[in-house]
Amino acid sequence: MRLVMVLMTTLLSTISVAQIPAIEQLGNEASQHDNVEYESVGSFMIGMAQTFANKEQRSTFKMLDHIDLIECRNVAYEQTLEQRTLAIAKSIGATYLASSTDERGRNDVYILKNGDIVNEVIIITHGKNGGLAVVAMSGNIPINRLGELSKLSNPKKE
């Protein structure tokens, strides 16, 4: 019984630190600026989203524990937000994975992994028409399924 309690305590502590606390703090601070919004979605809400998602997206949602989104349309604050996000990525030991460009802009992807499992993903998106967004996702994502996360993005806002 004691072993079970120790294992549960270890598991719970792992789950509670799954998200990047510095990103949450940055999001809360950034949202105090004009034209900056911060959303944080925990495992309960991700579980609810699974219910309404199609079958392919459900399996993707199951890999995630937490999502933080900072959307900045404040030109004066964009550079600060990007620099602070990069500093957080560096401080947690995240490595640059790749950049991609789509109809919305350029996405720079940083990951923190353990073996073939990605535990943290930080995406910095530079919008084609201005704006900057930071998306941080925590979970247990097999490296070969990392591309599935792009299918969870919000529809293009007009």
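Annotation: the span from I67 atom CD1 to I23 atom CD1 amounts to 13.5 Å, rounded to 0.5 Å. Rounding to the nearest 0.5 angstrom, the gap separating the CZ atom in R104 from the CG atom in N129 is 12.5 Å. Between atom CE of residue M137 and atom CG of residue L146 there is a gap of 8.0 Å, rounded to the nearest 0.5 Å. Rounding to the nearest 0.5 angstrom, the gap separating the CG atom in N119 from the CG atom in N140 is 5.5 Å. Atom OG1 of T85 is separated from atom CD1 of I123 by 12.0 Å, given to the nearest 0.5 angstrom. To the nearest 0.5 Å, the span separating CD1 on I124 from CD on Q83 amounts to 10.5 Å.
Pairing each heavy atom of E120 with each of S138, the nearest pair is OE1-OG, 2.5 Å. The nearest pair of heavy atoms linking S40 to H66 is OG-NE2, 2.8 Å. Considering all non-hydrogen atoms of both residues, I70 and A30 come closest at CG2-CB, 4.2 Å.
Neither side chain, E78 nor H126, offers a donor N or O lying under 3.5 Å from an acceptor on the other. In this structure, a donor-acceptor pair under 3.5 Å is absent between the side chains of Y96 and D108.
Side-chain contact between V135 and T125 is absent, with no heavy atoms from C-beta onward closer than 4.5 Å. Between L26 and L81 the shortest side-chain heavy-atom distance falls below 4.5 Å.
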Which atom pairs, one a donor and one an acceptor, fall under 3.5 Å between side chains of residues 110-118 and the rest of the protein, sequence neighbours left out?
none

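When the options V109, I20, L97 are evaluated for a side chain to side chain contact (heavy atoms under 4.5 Å, CB included) with I122, the one that passes is I20.
With hydrogens and angles ignored, the 3.5 Å screen pairs a side-chain donor or acceptor of N74 with a backbone N or O of D34.
Heavy atoms of other residues, nucleotides or ligands lying less than 6.0 angstrom from CD of Q79 number 12 at most.
Qualifying side-chain hydrogen bond (donor to acceptor under 3.5 Å, both in side chains) partners for Y77, counting only residues two or more places apart in sequence or in other chains: none.
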